[in-house]
Amino acid sequence: MGDLHVSLDRAAGGMAAQISGQLRTAIRQGRLASEVRLPASRELARDLGVSRGVVVEAYEQLVAEGFLLSRVGAGTMVAPAAAIRSPVTEAAPGDSFHGHRATSPDLGAFPRERWLSALRHVLATMPSDALDYGDPGGVAELRQELAAYLRRVRAADVTPGNVVVVGGVAQGLSLTLRALGSPLLAVEDPTSMRQLPLLRAAGVELVSVPVDGEGVDVAALARSGARAVLLTPAHQFPTGVVLSPGRRAELTAWAAETGSIVLEDDYDAEFRFDRDPVGCLQGLAPDRVVLSGSVSKPLAPGLRLGWVVAPPKIAELVRLARAELDLGSPVIEQYALAHVIRTGGYDRHLRRMRREYRRRRDAFVGALAGHLPEVTVLGVSAGLHVYLELPDGWDERTAVEAARTAGIAAEPVAPMRVAPGPPAMVVGFSRLPGHRAESVVGALAAALAGGASRTLRPYVRT
Ligand SMILES: Cc1ncc(COP(=O)(O)O)c(C=O)c1O
């Protein structure tokens with residue numbers, strides 16, 4: 001294709017990466033201007049003498065990075081200039097992931113066109129009255145779409161009447177704990193420490209229960225005296241384990257016998273790469289489990305949109321707690337999300353991102369095996385982070401700093417623990433394109449090797 005100036009070195013292999021690399025450079029340099037249409041994948045494949053799948057892969061990569069937009073019926077075009085300045089593509093290697101959470105999605109992949117067209121549709125069709133204070137529990141259209149989605153995809157036992165729209169899982173948990181009268185709450189050990197201040201602010205006292213390879217230790221939970229427990233059964237944060245079938249049964253039996261409530265944070269449930277995700281716990285015990293989820297991973301945390309699915313009485317209390325707090329979530333965005341789900345855009349985006357994140361995880365884990373075989377990847381193939389256990393004697397903070405310097409979002413695990421454990425770190429791969437995994441992990445390995453004698457202090461258990 002003369003216009004695109006793509007020339008392939010067939011001996012070097014990695015054709016899709018070569019094509020995406022050259023197109024990326026052309027876009028960055030302005031040779032391919034924003035909103036220019038690219039040739040159809042079939043056409044470019046014919047011109048370059050490669051299979052169509054290779055071009056599709058290259059285009060998908062650039063769509064995921066935010067350089068290209070792809071619309072059904074309208075083909076593929078260069079993204080508008082504003083969309084291209086995503087940190088992962090603009091920042092110099094080394095600082096591109098600073099300040100970015102290890103658990104955040106690739107924000108450059110936010111489906112801007114889809115969201116824009118949903119907003120256009122909503123603003124063109126919604127009656128003026130819908131802009132008034134809405135139901136504090138969420139607009140009916142969204143509750144209906146969410147109920148259908150959660151039934152279909154998460155095997156939840158739910159009707160629109162027991163869905164409450166909230167501003168993310170964080171708010172859902174706060175409201176639920178208030179509605180439950182702030183019971184003694186068990187949390188997993190290790191756990192997401194970002195949530196702890198929020199839980200304490202909801203007035204609960206916390207007790208820790210250990211997590212092992214099967215998820216939460218239910219016998220320890222029973223001994224703790226807690227009357228509620230907060231869990232991440234689909235992909236435990238941070239260890240990445242999935243709650244086993246045996247533990248699910250023990251847990252629901254415990255909840256039924258003691259009249260306790262399980263707060264199920266459906267963390268990372270959308271992104272299981274090795275098999276279909278396990279259905280949610282709520283579907284097994286809808287009268288004992290309160291399910292919380294959000295669009296923070298599938299779309300973007302900045303939307304602040306999520307849901308709580310609870311037994312009817314608790315759902316009503318959560319709705320009232322929301323009314324007392326701030327009268328509800330923004331209405332236009334709720335309609336937009338309902339539209340995106342109803343028209344299949346949410347499913348399509350998830351399918352695309354699942355493929356892309358799987359590729360990124362595979363590339364990252366493969367590069368780790370090659371460059372840092374002494375580091376162990378634990379947990380199932382899911383989510384947007386991996387839990388890396390470090391060899392005995394390694395210092396977590398030094399390893400985290402080395403990862404950040406190499407351009408990887410990383411967090412130490414020690415601050416997430418109550419009981420001591422081996423050195424480990426949580427590393428996010430969502431914004432690390434597959435073709436960069438080798439060089440970034442290579443840089444990490446070099447930083448660790450180079451600094452080993454000076455900086456790798458023995459790990460001190462606290
Ligand atoms: C385990 C876990 N669940 C949920 C959340 C919050 O998600 P949301 O953006 O839906 O409030 C976080 C955020 O840090 C988290 O670490």
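This is a predicted model, so every value here is computed, not measured. Just so you know, ligand 1 is whichever comes first in the structure, and atom 1 is the first atom listed for that ligand.
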Give the residue, atom name and distance (to 0.1 Å) of the protein heavy atom nearest [atom].
| atom | result |
| --- | --- |
| atom 14 (O) of ligand 1 | Arg101 NH1, 3.3 Å |
| atom 16 (O) of ligand 1 | Ser192 OG, 3.1 Å |
| atom 9 (O) of ligand 1 | Ser296 OG, 2.6 Å |

Pick whichever of Thr232, Thr103, Leu303, Asp265 has a heavy atom sitting closest to atom 3 (N) of ligand 1.
Asp265
Just going by heavy-atom distances, which of His235, Lys297, Gln195 is nearest to atom 15 (C) of ligand 1?
Gln195
Would [X] count as a polar contact of ligand 1, with the cut-off being nitrogen or oxygen pairs under 3.5 Å?
| X | answer |
| --- | --- |
| Val169 | yes |
| Gln171 | no |
| Ser294 | yes |
| Phe237 | no |

Say whether Arg304 and Gln171, considering side chains only, have a donor N or O and an acceptor N or O under 3.5 Å apart.
no
Side-chain donor/acceptor of His371 to backbone N/O of Leu444, under 3.5 Å
no
Reference residue Glu411; test salt bridge (charged side-chain N to carboxylate O under 4.0 Å, His left out); the match among Arg397, Arg194, Arg101
Arg194
Using a strict cut-off of less than 4.0 Å between a Lys/Arg side-chain nitrogen and an Asp/Glu carboxylate oxygen, indicate whether [X] and [Y] qualify as a salt bridge.
| X | Y | value |
| --- | --- | --- |
| Arg247 | Asp212 | yes |
| Asp362 | Arg358 | yes |
| Arg319 | Glu316 | yes |
| Glu356 | Arg360 | yes |

